[in-house]
Protein chains: 2
Amino acid sequence: MSRERLLAALAEAGRKHGNTTVMFHTAVSARMGLGMTEEKTLDLLRRLGPLAAGEIAEHSGLTPASVSGLIDRLERKGFVRRTRDTEDRRRVIVEIRHDGIAGFGALFEDLVRGLEELYATYTDEQLELILDFLRRSAEVQRAATAGLG
Amino acid sequence: MSRERLLAALAEAGRKHGNTTVMFHTAVSARMGLGMTEEKTLDLLRRLGPLAAGEIAEHSGLTPASVSGLIDRLERKGFVRRTRDTEDRRRVIVEIRHDGIAGFGALFEDLVRGLEELYATYTDEQLELILDFLRRSAEVQRAATAGLG
DNA sequence: TCTCACATTTCGTTAGGCCGAACTAAATAA
DNA sequence: TTATTTAGTTCGGCCTAACGAAATGTGAGA
């Protein structure tokens with residue numbers, strides 16, 4: 001395959017790959033009964049650990065009032081727990097209830113298994129190449145997203 | 001790096017890559033002033049070509065009433081055009097207005113340029129490997145999504 | 001103690017997007 | 001022609017998730 005064709009094929013494959021990623025993500029959220037904001041918040045908590053309500057407001061750009069409602073919804077669905085900060089009892093700490101999201105791990109089973117099978121077909125060198133590509137490509141996407149802010 | 005570590009790193013990198021993909025996608029939609037449904041509809045029209053309102057209803061699972069409003073919004077934003085079917089004048093054909101979407105191509109510029117630069121650092125053989133990986137990995141995601149239906 | 005500042009919640013409102021029911025217009029059957 | 005079905009639209013109502021303003025409870029300094 002000529003390099004030109006190769007690059008064209010990569011553009012197309014990348015587009016499709018992105019599409020399936022978004023679709024999978026959307027399907028998972030729907031199954032968990034989560035809205036966009038709720039899911040983004042869970043992701044925040046996964047990455048940064050327990051946060052105060054105000055910190056969630058900062059990270060998400062929502063007003064404090066909206067965050068209250070957001071936490072209510074997540075709590076009602078069993079995904080997070082509210083705790084009073086013992087240091088500063090005005091603050092409310094929000095933490096993920098791992099027991100609440102555990103049941104949904106099954107949603108990822110097919111994906112995880114499929115990817116494991118896929119990875120199994122590559123040599124270590126090839127996997128290193130793929131790993132590097134994924135990291136650098138994620139960085140490109142991150143930068144492009146920031147450029148849209 | 002041991003294969004075990006390699007696989008763990010891939011799982012993590014894959015997760016992050018998926019995240020950045022979704023975030024980029026979300027940011028683009030926001031910039032275009034599109035809701036989730038509107039965007040899904042545009043994607044439908046891109047993939048399947050012009051569709052009748054009723055066909056959009058079938059594909060999206062929305063009621064005809066909702067589709068009417070949906071088309072109104074897309075039309076008002078300049079992304080689609082309504083046409084009467086000349087065969088069956090009850091039917092309304094919805095088609096993408098490429099001139100309406102063209103202005104937003106710039107949103108992808110950074111991403112496209114970044115990926116081109118990234119691809120430029122690989123040999124043809126390496127790109128073939130990446131292409132194959134993207135295709136197979138997209139298929140895994142597609143299958144996993146279908147499994148959630 | 002008495003403010004005053006701060007973190008969060010509550011309340012009332014608004015905008016978006018969906019639905020069902022009733023409607024118009026066009027095609028089709030009797 | 002007339003009755004029925006089909007395709008979309010309009011209307012009114014509802015729900016979700018956001019917001020601003022005011023209330024609540026807590027901390028901290030004079």
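Just so it is clear, the structure is predicted and the values come from calculations on it, not from any experiment. Labels below follow one simple rule: chain letters A, B, ... track the order of the sequence lines, proteins then strands, and each chain is numbered from 1.
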Handout entry: Residues B:Asp124, A:Arg5: salt bridge by 4.0 Å N-O rule
Key = no
Problem - Value in whole Å for how far the C1' atom of D:dT26 lies from CZ of A:Arg91 - result: 13 Å
Exercise for the section: Verify the contact: side-chain N or O of A:Thr37 to OP1 or OP2 of D:dA17, cut-off strictly under 4.0 Å; return yes or no. Expected result: no
Handout entry: Protein-nucleotide distance (A:Leu70, atom CG; C:dT8, atom C1'), rounded to Å
Key = 14 Å
Problem - salt_bridge(B:Asp110, B:Arg113) N-O dist < 4.0 Å - result: yes
Practice task
May I have the distance from B:Arg82 (atom CZ) to D:dA7 (atom P), rounded to whole angstrom?
Solution key: 16 Å
Problem - Residues A:Lys16 and A:Glu12 bridged, charged N to O under 4.0 Å - result: yes
Practice task
Taking only Lys NZ, Arg NE, NH1 and NH2, and the carboxylate oxygens of Asp or Glu, determine whether A:Arg47 and A:Asp43 approach each other closer than 4.0 Å.
Solution key: yes
Practice task
Quick one: label B:Glu55 by what it contacts on the DNA or RNA (base, sugar-phosphate, nothing), any heavy atom closer than 4.0 Å.
Solution key: nothing
Problem - Side-chain donor or acceptor of A:Arg31 paired with backbone N/O of B:Leu148 under 3.5 Å - result: yes
Practice task
Inspect the contact between B:Glu139 and B:Arg136 and indicate whether a charged nitrogen and a carboxylate oxygen are less than 4.0 angstrom apart.
Solution key: no
Handout entry: Atom-pair distance (CZ on B:Arg73; P on D:dG8), nearest Å
Key = 17 Å
Problem - Protein proximity profile, nucleotides 20-28 of chain C - base contact B, sugar-phosphate-only contact S, no contact -, cut-off 4.0 Å on heavy atoms - result: BB----BS-
Handout entry: Interatomic distance where CG belongs to B:Leu34 and P belongs to C:dG17 [whole Å]
Key = 10 Å
Exercise for the section: Look at all strands and tell whether A:Leu62 reaches a base, only sugar-phosphate, or nothing, counting heavy atoms closer than 4.0 Å. Expected result: sugar-phosphate
Fill in the blank from the handout: Between CD1 of B:Ile71 and C1' of C:dC18 the distance, given in whole Å, is 15 Å
Handout entry: Between P of C:dT10 and CG of A:Asp72, the distance in whole Å
Key = 7 Å
Problem - Minimum side-chain heavy-atom gap A:Thr26-B:Thr145 below 4.5 Å - result: no
Exercise for the section: Determine the contact category for A:Gly69: base if any of its heavy atoms lies under 4.0 Å from a base atom, sugar-phosphate if only primed atoms, P, OP1 or OP2 are that close, otherwise nothing. Expected result: nothing
Practice task
Could you tell me the separation between the CD1 atom of A:Ile93 and the C1' atom of C:dT8, rounded to a whole number of Å?
Solution key: 12 Å
